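Below is one structure, written out as structure tokens; the observations come after it.
Treat the numbers as computed from the prediction; the structure is a model and nothing was measured. Chain A is the first sequence line, chain B the second, and so forth, proteins listed ahead of strands; every chain is numbered from 1.
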There are 2 protein chains.
Amino acid sequence: MVTKQVPLKSDEDLNDPNCHTRLALDRIGDKWTVLVVLHLSRRSPRRFTELREAIAGIAPKVLTQTLRTLERDGIVTRTVYAEVPPKVTYDLTPLGASLRTPIAAIHRWAHHYMPEVLDARADHDSGLDSGLDSGHGGVSAPRSRRTSRA
Amino acid sequence: MVTKQVPLKSDEDLNDPNCHTRLALDRIGDKWTVLVVLHLSRRSPRRFTELREAIAGIAPKVLTQTLRTLERDGIVTRTVYAEVPPKVTYDLTPLGASLRTPIAAIHRWAHHYMPEVLDARADHDSGLDSGLDSGHGGVSAPRSRRTSRA
DNA sequence: CCGAATCCGTTGCGATACTG
DNA sequence: CAGTATCGCAACGGATTCGG
């Protein structure tokens with residue numbers, strides 16, 4: 001599929017807290033959601049402990065929380081097997097699978113440009129005024145931006 | 001450029017806190033960043049107050065904070081004009097402009113699938129164990145916790 | 001006009017311990 | 001095995017006030 005070129009919304013839409021883009025970002029912007037979706041999209045269904053082991057660092061409470069919200073939003077399904085050793089599996093719904101596209105876009109951007117971001121960040125942090133000037137000439141001499149950030 | 005199909009990372013990479021995807025999400029996952037980038041990508045440069053008015057609801061402190069971090073990461077440039085009426089403009093760097101691609105992907109997904117998410121959410125919230133149907137086709141009944149199989 | 005400084009409420013996240 | 005219960009911190013965001 002070809003990447004369509006930036007059909008962004010208008011200002012008014014963007015300011016709307018109910019704007020879908022805002023809602024989507026609130027949804028995937030948390031710490032673990034994307035990670036969970038990514039793991040499930042690579043192999044599913046997955047069991048609880050399997051996910052917990054795979055993610056390594058997440059607290060069970062938080063994983064449950066994340067999965068519950070994901071289930072609530074129709075992104076994953078939860079299947080309980082009434083067996084003697086308790087068994088619960090999580091799977092991605094088609095809706096959840098559709099998330100792979102935007103996530104992949106983010107991933108591709110990150111892979112491509114994140115080094116630049118990190119570089120700029122490091123540069124800004126160490127020497128705030130180190131020779132990176134836009135060479136912007138004209139109107140009124142732009143003063144160098146040097147603000148203490150306590 | 002060939003459109004690669006979902007080149008997701010491996011588990012180990014995903015668990016890495018330094019994983020670029022994670023870092024990128026931490027970066028754009030906050031409340032206002034995407035909004036600011038979107039406004040700047042539609043028209044720039046923009047003045048501080050201009051942005052504040054456009055976003056409508058953001059506190060000056062938070063806007064400053066957001067812009068500072070964005071500047072630090074090389075996504076926007078800040079230009080101070082040493083004039084009697086203080087004037088500061090913000091502009092998107094090429095790096096910042098590159099963010100439009102993933103943001104557009106998110107936007108497109110949100111526009112496409114967010115209604116389903118909201119529908120599933122409402123359905124899940126209202127009737128957890130009454131086979132209720134919102135009459136809004138598209139999403140299958142999420143029979144939440146009762147998906148027992150043997 | 002462009003912010004910085006301060007205070008404060010909310011909430012996500014984490015650690016540990018315990019249960020069906 | 002798959003969670004729940006409880007506690008608590010720390011970071012984010014909001015409102016207000018003051019300064020250059």
### Query
Would you say the side chains of A:S44 and A:D91 form a donor-acceptor pair under 3.5 Å?
yes

### Query
Can you check whether A:R46 has a side-chain N or O nearer than 4.0 Å to OP1 or OP2 of D:dC1?
no

### Query
Which of these passes side-chain contact (heavy atoms from CB on, under 4.5 Å) with A:R78: A:L70, A:V88, A:L67?
A:V88

### Summary
Distance col, row B:E50:CD vs B:Y90:OH, nearest 0.5 angstrom, shows 12.5 Å

#### Entry: d(CZ, B:R52; C1', C:dA4) in whole Å
13 Å

### Interatomic distance, A:L51 CG vs D:dA2 C1' [rounded to whole Å]
12 Å

## Note on the structure
Atom CG of B:L63 and atom C1' of D:dC12 are separated, to the nearest Å, by 15 Å

### Task
Just jot down the side-chain hydrogen bond (donor to acceptor under 3.5 Å, both in side chains) partners of B:S98, sequence neighbours excluded, or say none.
A:W109

### Query
If you take all heavy atoms of B:T69 and B:Q65, which pair is closest and at what distance?
OG1-O, 2.8 Å

### Query
For C:dG3, does either OP1 or OP2 sit under 4.0 Å from a side-chain N or O belonging to B:T64?
no

### Query
Which parts of nucleotides 13-20 of chain C does protein reach within less than 4.0 Å, heavy atoms only, written one letter per nucleotide 5' to 3' as B for base, S for sugar-phosphate only and - for none?
BBB----B

### Task
Quickly work out the B:E83 CD to C:dC1 C1' distance and round it to whole Å.
11 Å

### Query
In chain order, what residues pass the salt bridge (Lys or Arg N to Asp or Glu O under 4.0 Å) check against A:R52, with sequence neighbours excluded?
none

### Query
Given atom CZ of A:F48 and atom C1' of D:dC1, what is their separation to the nearest angstrom?
10 Å

### Query
Is the distance from OP1 or OP2 of D:dG3 to the nearest side-chain N or O of A:R47 less than 4.0 Å?
no

